[in-house]
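First the structure, in the form of structure tokens, and then the observations on it.
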Amino acid sequence: MNKQTIRVFYPAGDEEIILRTDKEWDMNVEPLRSDECAAEFVIETEQPFFYFKPVLKCDDKVRWSRGENFLAIATAGAPREVYPYFAEETHCSVCELMAPLPSGSGVEHRFRVFLPPGYRENTLKRYPVLYMHDGQNLFLKEEAFLGNTWRTDEVLAVLDRMNAIEEVIVVGIFPNDRMSEYTLPGYGDYGRFVVERLKPLIDAKYRTLADAANTAVMGSSLGGVVSFYLGWQWPEVFGKVACLSSTFTFRDDLIERLEAEPKRNIKIYLDSGWPRDNYEPTRAVRDRLLWKGYSPGSELFYLAFPEAKHNEMAWAERSPIPFQFLFGNLPVFKQRANCA
């Protein structure tokens, strides 16, 4: 018999948080303990996994949480913590193009912010943050190159329904001159803008997990180069980087820095298509990282995709892989969170 602890965090007010499970969807499971912001349940099951949903109960009325059923893996030996929401999500966060934010050198950047469903309702949850470059190509067809996007919001929604990743805030940064800002020496000024201006604004405005372990940067082509640069230059800020089809060695000194400088405490995802698609320079960076002591699979994840093209459709198709490497929904062995 497996025992699975489930902790549900939600500002329920006068309502009571209960559970329903796939063993009997019409049967209430009462919490072992609860307070103004959380309820804790223990489910006994002979199965290695089960699905469940938090429900709000007030007198004889119940409200089911929105979204897909939550998956509990009873063999994990770790509590499952969830932050449900109960109202229909109608706000389109990425529809708002944020006002230009100036850098220290006076260059302004616009950006869009993707907020996970339920962000506004369940105010107890804080989120990791992913900073992505070429923000015009992430969400909206009308502003994307050739009308093709990464479909980032759609891909994240599917991964969330799969219970495959932690929910994440995405900041899509628009370039002004990507050939300059994403390469040497221009990526120095651009990096300082992200670290000194944009990230403090995001952390102040939104409920983020601001430490390096919960802050990632990701991009493709030249955006992959600047992503690697940001992680290598500021590992105390960006603990994870993902670089797709990156134009390494075009106009950067990253391989030289890898050889000469100490290993950084960051997780790195690299990939490319083949043939072309920066296959050879990506292999060169991969091998230098292995020489540097990065452990394959845990610290460094590398893949190559036969016949994959250098375009947004290809990056969208394989983006679930780096998303799961950066924010995979792994069992977390930790103490119970509080209401703060």
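Along the sequence shown, residues carry numbers from 1.
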Task: Heavy-atom side-chain contact between Ile266 and Pro235 under 4.5 Å - done: yes
Task: Heavy-atom pair with the smallest gap, counting every atom of Ser319 and Val155 - done: OG-CG1, 3.7 Å
Open item on the list: Membership question, hydrophobic clusters at under 4.5 Å side-chain separation (ILVMFWY): are Ile169 and Leu230 in the same one?
Closed with: yes
Task: Connected via hydrophobic side-chain network under 4.5 Å: Phe9 and Val29 - done: no
Task: Positive for side chain to side chain contact (heavy atoms under 4.5 Å, CB included) with Leu101, one of Arg197, His109, Glu108, Arg110 - done: Arg197
TODO: Taking only Lys NZ, Arg NE, NH1 and NH2, and the carboxylate oxygens of Asp or Glu, determine whether Arg318 and Asp277 approach each other closer than 4.0 Å.
DONE: yes
Open item on the list: Using 0.5 Å steps for rounding, measure from the CZ atom of Phe325 to the CG atom of Leu303.
Closed with: 10.0 Å
Task: Ala213 backbone acceptor or donor facing Lys240 side chain under 3.5 Å - done: yes
TODO: Mind telling me whether Tyr10 and Phe86 have parallel, tilted or perpendicular rings, with 30° and 60° as the class edges?
DONE: perpendicular
Open item on the list: Donor-acceptor check, side chain of Asn2 to backbone of Gln47, threshold 3.5 angstrom: yes or no?
Closed with: yes
Open item on the list: Check this for me: does any side-chain nitrogen of one of Lys292 and Glu259 sit under 4.0 Å from a carboxylate oxygen of the other?
Closed with: no
Task: Test log, rule side-chain contact (heavy atoms from CB on, under 4.5 Å), inputs Phe248 and Leu254 - done: CA-CA 8 Å; Phe248 294 121; Leu254 295 175; 4.1 Å; yes
Open item on the list: If you define the side chain from C-beta out and look only at heavy atoms, does anything of Leu124 sit under 4.5 Å from Pro11?
Closed with: yes
Open item on the list: Run the side-chain hydrogen bond (donor to acceptor under 3.5 Å, both in side chains) test against Thr208 and tell me which residues pass, sequence neighbours left out.
Closed with: Asp203
- [ ] With rounding to the nearest 0.5 Å, note down the distance linking OG in Ser245 to CG in Asp271.
- [x] 5.5 Å
Open item on the list: I want to check a possible cation-pi pair here: Arg20 against Trp25, using under 6.0 Å from ring centre and within 45° of the ring axis as the test.
Closed with: no
- [ ] For the residue pair Met98 and Lys205, establish whether any side-chain heavy-atom pair is separated by less than 4.5 Å.
- [x] yes
TODO: Kindly work out whether a path of hydrophobic side-chain contacts (I/L/V/M/F/W/Y, heavy atoms less than 4.5 Å apart) joins Ile202 to Met218.
DONE: no
TODO: Consider only side-chain heavy atoms of I, L, V, M, F, W and Y, link residues closer than 4.5 Å, and tell whether Val171 and Phe193 are in one cluster.
DONE: yes
Task: Donor-acceptor pair, side chain of Ser220 and main chain of Gly224, under 3.5 angstrom - done: no
Task: Backbone N/O of Pro281 and side chain of Thr249: donor-acceptor pair under 3.5 Å - done: no
- [ ] Considering non-hydrogen atoms only, spot the tightest contact between Tyr85 and Gly118 and give its length.
- [x] CG-CA, 3.5 Å
Open item on the list: Within the structure provided, determine whether Tyr131 and Thr215 are in side-chain contact (heavy-atom separation under 4.5 Å).
Closed with: yes
TODO: Could you label the plane-to-plane angle of the Tyr279 and Trp274 rings as parallel, tilted or perpendicular, counting under 30° as parallel and over 60° as perpendicular?
DONE: perpendicular
Task: Single hit among Arg63, Lys61, Lys57 for salt bridge (Lys or Arg N to Asp or Glu O under 4.0 Å) with Glu15 - done: Arg63
Open item on the list: I want to check something: taking the side chain as every heavy atom from C-beta on, are Tyr206 and Val113 in contact at a cut-off of under 4.5 Å?
Closed with: yes
Open item on the list: Measuring only between side-chain heavy atoms, which start at C-beta, is Arg192 closer than 4.5 Å to Trp234?
Closed with: yes
Task: Exam field: side chain Gln4 to backbone Ala78, donor-acceptor pair closer than 3.5 Å - done: yes
Task: Reference residue Ile173; test side chain to side chain contact (heavy atoms under 4.5 Å, CB included); the match among Asp134, Leu198, Val226, Val217 - done: Leu198
Please table the atom pairs, donor to acceptor, closer than 3.5 Å between any side-chain atom in residues 140-148 and protein atoms at least two apart or in another chain.
{"from": "Glu143", "atom 1": "OE1", "to": "Arg112", "atom 2": "NH2", "distance (Å)": "2.8"}
{"from": "Glu143", "atom 1": "OE2", "to": "Arg112", "atom 2": "NE", "distance (Å)": "2.8"}

Task: Residue of the set Arg178, His133, Glu181 for which side-chain hydrogen bond (donor to acceptor under 3.5 Å, both in side chains) holds with Tyr190 - done: His133
- [ ] Please round to the nearest 0.5 Å and tell me the distance separating atom CD1 of Ile321 and atom CG of Leu326.
- [x] 12.0 Å
Task: Tyr294 six-ring centre to Lys263 NZ/CZ under 6.0 Å and within 45° of normal - done: yes
Open item on the list: So which atom in Pro84 and which in Asn122 form the shortest heavy-atom distance, rounded to 0.1 Å?
Closed with: O-ND2, 2.8 Å
TODO: Would you please indicate yes or no on a ring centroid separation below 6.0 angstrom for Tyr119 and Tyr127?
DONE: yes
Open item on the list: If we ignore hydrogens and angles and just use 3.5 Å, is the side chain of Asn311 paired with the main-chain N or O of Met313 as donor and acceptor?
Closed with: yes
Open item on the list: For Tyr51 and Phe49, take the angle between the two ring planes, folded into 0 to 90°, and tell me which bin it lands in: parallel under 30, tilted 30 to 60, perpendicular over 60.
Closed with: perpendicular
Open item on the list: Membership question, hydrophobic clusters at under 4.5 Å side-chain separation (ILVMFWY): are Phe323 and Val170 in the same one?
Closed with: yes
Open item on the list: Before we go on, tell me: are the rings of Phe174 and Phe111 under 6.0 Å apart, centre to centre?
Closed with: no
Open item on the list: Whether the side chain of Thr149 engages the backbone of Arg151 through a donor-acceptor N/O pair (distance < 3.5 Å, no angle test) should be reported.
Closed with: yes
TODO: Compare every heavy atom of Arg207 with every heavy atom of Lys125, then report the nearest pair and how far apart it is.
DONE: O-NE, 2.8 Å
Task: Carboxylate-amine/guanidinium proximity below 4.0 Å for Glu196 and Lys199 - done: no
Task: Check: Ile6 and Phe52 side chains under 4.5 Å, non-hydrogen atoms - done: yes
Open item on the list: Just verifying a value: how many Å separate Asp160 CG and Glu167 CD, rounded to the nearest 0.5 Å?
Closed with: 4.5 Å
TODO: On the 0 to 90° scale, with breaks at 30° and 60°, tag the Tyr229-Tyr187 ring pair as parallel, tilted or perpendicular.
DONE: parallel
Task: Polar side chain donor-acceptor pair, Asn278 to Arg283, under 3.5 angstrom - done: no
- [ ] Would you tell me whether Ser221 and His310 have side-chain atoms, one donor and one acceptor, within less than 3.5 Å of each other?
- [x] yes
Task: Salt bridge present between Glu44 and Lys3 (N-O < 4.0 angstrom) - done: yes
Task: Nearest heavy-atom neighbours spanning Pro320 and Ala316 - done: CD-O, 3.6 Å
- [ ] Kindly indicate, with the supporting measurements, whether the criterion salt bridge (Lys or Arg N to Asp or Glu O under 4.0 Å) is fulfilled by Arg7 and Glu81.
- [x] CA-CA 5 Å; Arg7 296 170 182 157; Glu81 296 187 349; 3.3 Å; yes
- [ ] Determine the minimum heavy-atom distance between Arg66 and Lys53, stating which atoms define it.
- [x] C-NZ, 4.1 Å
TODO: Verify, without hydrogens or angle tests, whether Arg264 (side chain) and Pro262 (backbone) share a donor-acceptor contact under 3.5 angstrom.
DONE: yes
TODO: Using a 4.5 Å cut-off on heavy atoms from C-beta on, say whether the side chain of Phe327 contacts that of Pro128.
DONE: yes
- [ ] Any chance you could measure Phe228, atom CZ, to Arg257, atom CZ, to the nearest 0.5 Å?
- [x] 9.5 Å
Task: Glu166 side, atom CD; Leu209 side, atom CG - distance, nearest 0.5 Å - done: 9.0 Å
- [ ] Please test Arg80 against Asn163 for side-chain hydrogen bond (donor to acceptor under 3.5 Å, both in side chains), starting from the C-alpha separation and ending with a verdict.
- [x] CA-CA 11 Å; Arg80 180 78 160 96; Asn163 290 259; 2.8 Å; yes
